[in-house]
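Some notes on the structure that comes next.
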Amino acid sequence: MSGDHRNPDYQVNSGSKTNDSHKHKDKHKDKEHRHKDHKKDKEREKAKHSISEHREGRDSEKKLRDKEKEKLKHSNGSSDKHREKQKEKRRDEKVKPIHIDKPKRENENGYAREKSPPPIKSEPDDNGFDPSPKQKPTKRERDDEEFDCKPKKVKKEDEKKAKKRRQDYDDEEEEEDIKPKKKTRVKKGMEGKKPKKEEEEKWKWWEEERATDGSKWRFLEHKGPVFALPYEPLPLHVRFFCDGKQIKLSTPAEEVATFFAKMLDHEYTTKDIFRKNFFKDWRKEMTPEEKSKITDLNKCNFNEMSEHFKAQSEARKQMSKDEKLKIKEENERILQEYGFCLMDNHKERIGNFRIEPPGLFRGRGDHPKMGMLKRRIRPEDIIINCSKDSKHPKPPAGTRWKELRHDNKVTWLVSWTENIQGSIKYIMLNPSSRIKGEKDWQKYETARRLKKCVERLRAQYRDDWKSKEMRIRQRAVALYFIDKLALRAGNEKEEGETADTVGCCSLRVEHINLYPKMDDQEYVVEFDFLGKDSIRYYNKIPVEKRAFKNLQLFLENKQPEDDLFDRLNTSILNKHLQELMDGLTAKVFRTYNASITLQQQLKALTSPDDNLPGKILSYNRANRAVAVLCNHQRAPPKTFEKSMQNLQTKIDDKQKQLATSRKQLKTAKADHKASHDEKSKKAVDTKRKTVQRIEEQLMNLQMQATDREENKQIALGTSKLNYLDPRISVAWCKKWEISIEKVYNKTQREKFAWAIDMAEDDFEF
DNA sequence: GTTAGTACTTAGTAGGCCGCTT
DNA sequence: AAGCGGCCTACTAAGTACTAAC
């Protein structure tokens with residue numbers, strides 16, 4: 001019963017319903033500037049809103065405008081104090097005994113549901129596959145026990161293999177894109193046994209023992225980061241004007257000016273905050289003389305610079321093949337030199353080995369710091385982390401590192417502090433690495449443990465809705481949202497430092513509306529807030545009566561800008577969750593619900609009779625259900641309409657072709673009836689086959705069209721990469737004899753190598 | 001319990017790349 | 001060979017979670 005409380009139908013269909021979105025596209029215009037500013041964003045905003053509207057009907061324009069006003073009020077800074085006061089005031093209040101009606105009949109799982117299709121059964125029982133045994137006291141140990149990885153290799157062997165790997169490096173690298181020279185070598189070297197060799201050569205870290213002492217590695221050697229290219233001053237003919245007068249800028253000021261010039265086409269350079277932040281930071285780079293001359297950004301003319309860069313990028317496109325190849329080879333060389341490290345005897349790919357270049361900060365949504373100068377990172381800003389006994393990376397000539405440390409309790413190789421938020425940035429390994437893979441695997445094992453006790457937890461939080469204590473009720477309702485709607489935890493954030501976004505625990509009164517009755521539904525909660533990346537979450541959903549009554553209680557005597565859950569934050573919630581299940585945190589629910597939904601949807605949607613494209617469509621639809629659940633949106637591709645049209649043309653052509661073929665078949669049949677000879681019979685057979693083939697082609701095209709249409713503004717990648725236990729997909733592929741390439745591209749296959757290797761067709765999440 | 005700091009995961013997008021068509 | 005379109009990757013922002021110190 002676990003996880004079956006959502007409405008799969010709505011999820012699957014919501015994408016396909018969006019094609020009439022244009023009807024509503026103007027509705028929320030007034031809200032747009034809140035978080036999106038360039039053209040694309042606008043497009044997407046419309047689309048997003050149309051999704052929302054499809055989910056639950058109309059939305060009132062006025063309400064949004066009101067909200068807008070409140071937002072403004074809110075942003076003047078006084079409301080925070082107000083919120084604090086509100087909190088203070090209620091801190092000691094006890095929950096008043098409130099009258100709570102006997103719950104009406106609910107679904108067996110306790111989730112009131114309306115208009116839902118029959119739930120898909122899931123089996124929460126153990127299936128013998130789950131490798132996680134009983135719990136252990138400490139976290140580290142628990143993590144280790146989660147894994148059923150018997151050490152199948154002794155260490156010596158492992159090291160030998162690793163050494164060989166290092167030597168053989170060229171052979172195993174990039175085995176997928178077989179370059180001609182490699183092919184020859186392969187042929188010469190191993191007589192066509194390549195596939196087998198490939199398998200043997202890949203390091204199966206998941207078959208090895210893991211450290212139990214909290215250390216992340218024993219040996220780490222790397223070459224340090226690649227720095228951004230130094231600034232190249234503009235040629236003299238590219239001029240800059242201020243107030244009509246040409247000014248030759250000093251190099252530092254010029255560099256910052258070019259950052260702005262490169263962005264001129266983006267709408268955000270017209271935004272006040274962006275311009276203000278940029279100008280302030282730009283002036284810091286100016287000489288006193290420049291400072292005195294350049295006092296107003298509006299009088300600055302960057303056109304020549306902008307043109308210069310456009311011409312430059314045009315020239316880059318027009319480069320000859322040779323030149324392009326040269327650049328490619330150079331990049332490859334850098335990748336080979338800096339893109340890998342040696343960790344515990346294995347060469348591992350580094351994720352991001354380049355230091356972020358300087359530029360203007362562009363946060364997502366309505367970011368108060370947009371336009372600020374992201375400064376250039378120098379070796380003196382860099383902390384290097386590696387083994388003491390490794391060959392330490394050398395700083396560029398004449399420079400030194402900020403620090404060299406040897407901390408094997410962390411996974412990063414390089415770090416620096418970024419100047420916009422003052423946060424630390426890291427260079428870490430690629431998702432295909434052992435260190436990331438183990439963690440990923442562990443994440444899904446934790447989610448599977450949640451599966452085993454989720455019903456208990458659900459019963460518990462429902463019970464807590466009746467608690468005498470306000471904080472417990474709030475905790476329980478928040479958890480209900482996290483579980484039912486897959487909301488993020490919602491950490492507190494510093495106001496004014498980032499865009500105003502929220503998650504579950506940080507929801508404010510203004511983000512929800514309660515409707516005791518709405519159309520044919522009862523106890524409907526309407527959510528409307530900006531979540532991570534300022535992506536709008538909009539949903540109207542019936543909730544259980546008791547939860548609804550609690551929400552009404554939470555709202556009493558509060559202002560729109562007050563916290564909905566004023567007695568709750570993520571650390572309280574997670575502390576509680578930790579007590580319920582070892583290793584449980586709020587985000588595990590998202591992983592669990594995403595994965596269980598995929599598994600259920602795959603079961604429900606895959607039909608044995610479907611052909612390959614049909615099965616792929618089912619897979620994508622199951623994936624889509626998860627993406628909708630997790631609110632993973634994307635901007636509709638720029639070329640969406642056009643590519644849809646092209647596909648439609650193809651379909652039309654195919655239809656015509658089919659009609660013709662059918663006619664021909666008919667004729668052939670008639671001929672055969674008349675003549676009854678062998679030749680005409682053969683003709684009929686041929687024609688029949690042609691018709692069948694064309695029919696199938698047509699179906700496939702139509703399926704493709706459906707898939708694409710449904711996918712217009714839903715991003716599948718995020719859930720596939722971060723929320724769906726890959727073993728579910730692998731098992732599905734094995735069960736239906738579909739090659740894994742149809743579901744995972746090369747990168748994804750590398751990341752999920754562990755799952756591809758270990759999951760059988762009977763894997764159950 | 002609050003806050004600051006750190007480490008790591010999750011997120012959407014721009015633009016490059018690559019294969020296909022014309 | 002050029003242009004197109006879609007996929008993929010690199011990039012980096014923005015989350016979550018945890019720890020330690022007060």
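Residue numbers start from 1 in every chain, and the chains themselves are labelled A, B, ... in the order their sequence lines are given, proteins ahead of strands.
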Checklist entry - Between B/dT9 and A/K436, is there an OP1 or OP2 to side-chain N/O distance shorter than 4.0 Å? => result yes

Checklist entry - Between B/dC8 and A/T411, is there an OP1 or OP2 to side-chain N/O distance shorter than 4.0 Å? => result yes

Checklist outcome for this item: Quick note, A/K443 side chain, CB onward, closest among C/dA13, B/dA7, B/dT10 is B/dT10

Checklist entry - Of all the nucleotides listed (C/dA17, C/dA13, C/dC8), which has the minimum atom distance to the side chain of A/N745? => result C/dC8

Checklist entry - Closer than 4.0 Å, any side-chain N/O of A/N352 to the OP1 or OP2 of C/dC11? => result no

Next on the checklist: Base, sugar-phosphate or nothing for A/N574? Non-hydrogen atoms, less than 4.0 Å.
Outcome noted: sugar-phosphate

Checklist outcome for this item: Among C/dT16, C/dC8, B/dA11, the one nearest any side-chain atom of A/D533 is B/dA11

Checklist entry - Think A/S534 has a side-chain N or O under 4.0 angstrom from the OP1 or OP2 of C/dA14? => result no

Item to check | Side-chain N or O of A/T718 closer than 4.0 Å to phosphate OP1/OP2 of B/dA11 | outcome: no

Checklist entry - Can you tell me if A/S729 and A/Y619 form a side-chain donor-acceptor pair at under 3.5 Å? => result yes

Checklist outcome for this item: Testing C/dT9, C/dA17, C/dA13 for proximity to the side chain of A/T747, the answer is C/dT9

Item to check | Of A/G351 and A/V502, the one whose closest DNA chain C nucleotide lies more 5' | outcome: A/G351

Checklist outcome for this item: From the candidates C/dC18, B/dA11, C/dG6, the one with an atom nearest any side-chain atom of A/N722 is B/dA11

Checklist entry - Can you check whether A/Y723 has a side-chain N or O nearer than 4.0 Å to OP1 or OP2 of B/dA11? => result yes

Checklist entry - To the side chain of A/M428, which of C/dA17, B/dC8, C/dT16 is closest? => result B/dC8

Checklist outcome for this item: Winner on side-chain proximity to A/R488, out of B/dC8, B/dG12, C/dG15, is C/dG15

Checklist entry - Does a side chain donor of either A/K751 or A/Q748 reach within less than 3.5 Å of an acceptor in the other side chain? => result no

Item to check | Touch class at under 4.0 angstrom, heavy-atom based, for A/S423 against every strand present | outcome: nothing

Checklist entry - Would you call A/K575 and A/E579 a salt bridge, taking side-chain N to carboxylate O under 4.0 Å as the test? => result no

Next on the checklist: If I take atom CG in residue A/L413 and atom P in nucleotide B/dT6, what distance separates them, rounded to the nearest angstrom?
Outcome noted: 18 Å

Item to check | Check: A/E332/A/Q336 side-chain N/O donor and acceptor closer than 3.5 Å | outcome: yes

Next on the checklist: Suppose we call two aromatic rings close when their centres sit under 6.0 Å apart. Are A/F353 and A/H222 close by that rule?
Outcome noted: no

Next on the checklist: Would you say A/H367 places a side-chain N or O within less than 4.0 Å of OP1 or OP2 belonging to C/dA13?
Outcome noted: no

Checklist entry - Which is true for A/G717 with a 4.0 Å heavy-atom rule: it touches a base, it touches only sugar-phosphate, or it touches nothing? => result nothing

Next on the checklist: I want to check one thing: is the phosphate of B/dC8, taken as OP1 and OP2, less than 4.0 Å away from some side-chain N or O of A/K216?
Outcome noted: yes

Checklist entry - Are A/K374 and C/dA13 close enough that a side-chain N or O sits under 4.0 Å from OP1 or OP2? => result yes

Next on the checklist: When you measure from the side-chain N and O atoms of A/R590 to the phosphate of B/dT10, is any distance below 4.0 Å, counting only OP1 and OP2?
Outcome noted: no

Next on the checklist: Is the phosphate of B/dT10 approached by A/K532 (side-chain N or O, under 4.0 Å from OP1 or OP2)?
Outcome noted: no

Next on the checklist: Assess whether a salt bridge exists between A/K443 and A/D440, defined as any Lys/Arg side-chain N lying under 4.0 Å from an Asp/Glu carboxylate O.
Outcome noted: yes

Next on the checklist: The side chain of A/K493 is closest to which nucleotide in this list: C/dG15, B/dG12, C/dC8?
Outcome noted: C/dG15

Checklist entry - Closest nucleotide of DNA chain B for A/K751 versus for A/I572: which of these residues is on the 5' side? => result A/I572

Item to check | Minimum-distance nucleotide (side-chain atoms of A/R364 versus B/dT13, C/dA17, C/dT12) | outcome: C/dT12

Checklist entry - C/dC8, B/dA11, B/dT13: which one has an atom nearest the side-chain heavy atoms of A/A635? => result B/dT13

Checklist entry - When you match A/E494 and A/R316 each to their closest nucleotide on DNA chain B, which lands nearer the 5' end? => result A/E494

Checklist outcome for this item: Exactly one candidate in A/R376, A/R375, A/K374 meets salt bridge (Lys or Arg N to Asp or Glu O under 4.0 Å) with A/E356; the answer is A/K374

Checklist entry - Does a side-chain N or O from A/R349 land closer than 4.0 Å to OP1 or OP2 of C/dA10, or not? => result yes

Next on the checklist: Can you work out whether A/G363 or A/K587 has the more 5'-proximal nearest nucleotide on DNA chain C?
Outcome noted: A/G363

Checklist entry - Below 4.0 angstrom from OP1 or OP2 of C/dC7, is there any side-chain N or O of A/K746? => result no

